[in-house]
Visitor: 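Supplied in structure tokens, the structure appears directly below.
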Amino acid sequence: MYGYVGKIARIDLTDGTVTEVPTSKYVPENIGGRGVCNRIFWDESRPGVGAFDPESILIYMTGPTTGTGIPTGGRSVFTGISPNSFPEQYAWSGIGGMVGAELKFAGWDGFIITGRAEKRTYVCIEDGRIELRDASELWGLLVHPCQRKLEELHGEGVQSMVIGPAGENLMRNASITTSNDNVAAKSGFGAVFGSKNLKAIAIRGTGDVRPHDIEKLFELRLKMGNPYMRPSPLRREMTHGMDGNEIPVEGGWLRGQVACSHGCNQHCNRLMVDMKSAFGDGRINQVEKCVGIFAYGFQEDCSWTPIQNYETERNHFLACKMLSREEPAPDKDDPHFEALFTPVRGDITNYWKPDFDKGSVMMDMCNEYGIDKWDVIVWFMTWLSMAKKEGLLDDIDFGMEVDVESEEFVKYFLDMITYRRGKYGPIFAEGMARAVRALGKEKYGDTIYRGRYSQMTGERIDVPVSLETAWGQSYHWQGRGFEATINKPGWIATSLELMNSTRDAQTVAHHHEKYENYLEYKDDPCHSPLLVESIALDENKAEIKDSVTCCDWQSPDLYWPEMEAEMYTAATGIPMTAELLDEAAERSRLLFRAILIRDFGRDRAMEVNAIFPTMLYPDPLGQTVEWDEWNDLVDIYYERRGYAAATGWPTRATYEQYRLGDVADALERIGKTPE
Amino acid sequence: MTQTREYGRRVQQTPPDYSLCAGCNSCEVICCLVHGGAVSPSRRRLTVRRDIRTMMHTVYSCQHCADHPCYDKCPKKGTAMKLTPDGVAYIDESECIGCGLCHKACVFDPPRINYVKSAPKETRRARKCDMCFERPEGPACVQWCPVRCLFVE
């Protein structure tokens, strides 16, 4: 068997048993990664299970490229019931690091965790042997001390996934952390670990992962992401941040670039050397990616340059070049050069002033407590800033004066919510969406913040203090909130992608589109089958990325549509085309949707009502969307996907087209296929 | 290890102000692929020792000691452990009996010979850098390092 290593472990924490499931039960039909997870969850879960119930199953899968040396194949994925979705729903969370490859070296393509351990436990995987061990020595440790303790116990080089105190205390946005500060954060699966009394998984493998076509593998390493293959020195930077948040750093700071996962040919993550720690006087190194930049200063929102979404054959580059600053020189002879490369400044937000040390402390606390940085930087802290300015906190006594400019307050607040201290710790440990409801959504969620201004119009932008969009997530590339300055056709697309999802989809489905297509529908995006086609493409590519596996920073390459298929074939030897992979992605999405329909009541009314109100607030150009035009777009999308217009439920014919007749049968029995 | 030890040509890591190891482990992966077609911690001939806290990683490879104590200790010297005309000690895995004496004889910490004691006896082999002496391009790890943090000295 090439690519795959042949078996999946079922680990029952309740009775301590481990059984083997042959990977061939699920592949090649479901490719790997998320595709396999979706099939397993459909087969094994049932309605009525909560994220923290013992019956809640958590699935982890690698892809056939993991551990092979095919670039980006080091990515892997968790799926399960997300405590951080509002309401709780089935979701996923990608993770990099070395764990996926190590698990395959140990002879496992993935694992399924069921039940709840009676005592605090960690799982030890050493090649074919899987054992549950007493975690009393580990429980309570911060993330890095826990990783170090596992190295003490199992020797240097052991790979691990651990939770910090946030996961132990069931904070709904708790992460699972592996090496290089890589995390599965978005869905709050760290809290699911905690609910199962599971602190960590330690892995050591000595076996083989065998790719099928090594010559092709080497070709892919040279072609994918157009790697620079040149020295990447540790550099001293004299400033930090971007746009209005740029800050001079006295004496400078050291920046390096590191890879996020095993065998990759890129180094997208930014390593910040000798930074201030939140714990003691020691200095630390930490990894920054994307949203982390805003921890250090958030007076102005992220700017947007159309080339980030819209591409031409002459001008397109991958996101992996962004933080490493290795973007190719633009082709200025492109007739669309001006339109693609003219940056649009983000909104003035006035959340907090630049403070290099305070930003570092905020990042360090997220890393050590095991909290989703995104939720801290774009959710909690922005809310505190806005709520304070709007006078919403006058009646709330946190035990310390609310001041997001203060390092001490940041530490105090994150400590309070991680350990569920005082009256408000438990409220905010439930995540912002649930917290504002506990406090009173009308006041604490819907109050308009009056300190945000568009730099495109000079007008005030009236967005609520909660920055909440669908499914209890914060806005992301949606024309509001964080990364707000994408234009209307762009946020229409990303909002539809979120509507169909259960969590922020923009971490794996950043919207990419050919500029020539965009020009066709830019004036009327809601009535464009072409736009819907691009949404379907980005959604399907997201499934493919999480299944093959690949990453959002190298995929999709719109001008190399066969890339992921070539990766898959090089790994497995199984012939694959872009069309066949797209078919597998459709199957994976259908399974995902079937799970939502069966277990979580998903239908058209539920999803349209979740997303639509969030688009009534103005974007930086003052634009919104009308109820009718949004529903027109949903109609076109449902038709494209083979869903019934009234319910949003896939038709039997759609399921059968993708060899999911058994799923249609099951849904029909409970009356959840369209008449 | 003595200060007077002499070494042959070997793979070295650059200082980070020239190029920082990105921690991708591509060198290990490539090494495995060019030597046997499978990726495995047991098959690599050089090792990336990862520092999970600082994320500054160190690549350890055979220093090709001129007096090659690993070669001297091999009970099948000349058959399982051989020398190229340039003095590079290398292992013929088809002849290696997996005794681990070469690993023990290595003067470095960590030993630069990869020997996984826990591997099944039938597949247990010692593996060490052979400078890719059969490749005209030289060591594959150097050729394929995405950040050029390895070089031959």
Side-chain angles (χ1 to χ4, degrees), chain A residues 67-69 71 74 98 101-102 104-105 126-127 144-145 147-148 151 156-157 159-160 178-181 204-211 214 217-218 221-222 227-236 254 256-269 271 273 284-287 324, chain B residues 14-44 47-58 60 109-110 114-120 123-125 127 137 140-151:
Chain A
T68 62
M98 304 291 136
E102 195 73 17
K104 288 180 73 171
F105 298 144
E126 287 182 340
D127 287 327
H144 289 108
Q147 290 176 335
R148 276 199 298 269
E151 283 203 334
E156 198 168 287
Q159 298 299 331
S160 62
T178 181
S179 59
N180 281 21
D181 287 345
R204 187 186 289 284
T206 60
D208 292 349
V209 175
R210 197 171 283 278
I214 294 171
L217 185 155
F218 279 112
R221 288 192 69 86
L222 276 187
Y228 262 37
M229 306 295 283
R230 66 179 67 160
S232 170
L234 206 55
R235 301 171 198 271
R236 185 162 295 279
L254 278 175
Q257 295 296 141
V258 291
C260 90
S261 59
H262 181 267
C264 196
N265 63 351
Q266 303 290 332
H267 37 275
C268 315
N269 288 1
L271 180 66
V273 176
I284 48 151
N285 296 351
Q286 59 192 13
V287 166
S324 59
Chain B
T14 66
D17 57 354
Y18 177 79
S19 188
L20 173 72
C21 171
C24 61
N25 290 47
S26 293
C27 50
E28 291 181 350
V29 171
I30 298 297
C31 176
C32 291
L33 291 172
V34 300
H35 283 93
V39 183
S40 168
S42 304
R43 292 180 180 273
R44 63 195 177 205
T47 302
V48 180
R49 185 168 276 196
R50 307 182 65 79
D51 187 316
I52 56 175
R53 191 62 194 93
T54 66
M55 285 164 264
M56 309 281 261
H57 312 300
T58 311
Y60 290 109
D109 181 20
N114 185 14
Y115 174 70
V116 179
K117 208 174 172 181
S118 61
T123 58
R124 194 187 306 151
R125 300 284 182 273
R127 292 181 171 90
E137 307 91 333
C141 55
V142 174
Q143 184 189 352
W144 289 91
C145 172
V147 294
R148 298 277 179 253
C149 77
L150 298 177
F151 66 103

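Every chain is numbered from 1, with letters handed out A, B, ... down the list of sequences.
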Visitor: Given heavy-atom pairs under 4.5 angstrom as the criterion, report whether the side chain, backbone, both or neither of A/Gln257 touches chain B.
Guide: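 Only the backbone of A/Gln257 comes within 4.5 Å of chain B.
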Visitor: Where does A/Leu217 contact chain B at under 4.5 Å (heavy atoms): side chain, backbone, both or neither?
Guide: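 For A/Leu217, side-chain heavy atoms alone lie under 4.5 Å from chain B.
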Visitor: Of the backbone (N, CA, C, O) and the side chain (C-beta and beyond), which part of A/Glu151 lies under 4.5 Å from a heavy atom of chain B, both, or neither?
Guide: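 Side chain only.
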Visitor: What part of B/Ser118 gets within 4.5 angstrom of chain A, counting heavy atoms only: side chain, backbone, both, or neither?
Guide: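 The side chain, not the backbone.
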Visitor: Of the backbone (N, CA, C, O) and the side chain (C-beta and beyond), which part of A/Arg148 lies under 4.5 Å from a heavy atom of chain B, both, or neither?
Guide: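 Both backbone and side chain of A/Arg148 come within 4.5 Å of chain B.
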Visitor: Between B/Ser26 and A/Arg221, is any side-chain donor less than 3.5 angstrom from a side-chain acceptor?
Guide: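 On atom types as modelled, these side chains qualify, holding a pair under 3.5 Å.
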Visitor: Could you check whether the rings of B/Trp144 and A/Phe218 sit parallel, tilted or perpendicular, using 30° and 60° as the cut-offs?
Guide: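 Answer is tilted, since the angle falls between 30° and 60°.
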Visitor: Would you mind telling me which of B/Ile52, B/Val116, B/Val29, B/Asn25 has the largest number of heavy-atom pairs within less than 4.5 Å of chain A?
Guide: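 Sorted descending by pairs with chain A, the first entry is B/Ile52.
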Visitor: Between A/Ser261 and chain B, which part of the residue has a heavy atom less than 4.5 Å away: side chain, backbone, both or neither?
Guide: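 Answer is backbone: N, CA, C or O of A/Ser261 sit under 4.5 Å from chain B.
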Visitor: Heavy-atom distance under 4.5 Å to chain A: side chain of B/Val39, backbone, both or neither?
Guide: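 Both parts, backbone and side chain.
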Visitor: Does any heavy atom of chain B fall under 4.5 Å from the side chain of A/Thr68, the backbone, both, or neither of them?
Guide: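 Contact with chain B involves the backbone of A/Thr68 alone.
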Visitor: Side chains of A/Asp127 and A/Thr206: donor-acceptor distance under 3.5 Å anywhere?
Guide: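 Yes, a side-chain donor-acceptor pair sits under 3.5 Å.
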Visitor: Going by salt bridge (charged side-chain N to carboxylate O under 4.0 Å, His left out), name the residues that satisfy it together with B/Glu28, two or more places apart in sequence or in a different chain.
Guide: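 With sequence neighbours excluded, B/Glu28 shows a salt bridge (charged side-chain N to carboxylate O under 4.0 Å, His left out) to B/Arg44, given in chain and number order.
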Visitor: Checking B/Arg43 against chain A: side chain, backbone, both or neither under 4.5 Å from a heavy atom?
Guide: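 For B/Arg43, the contact with chain A is made by the side chain alone.
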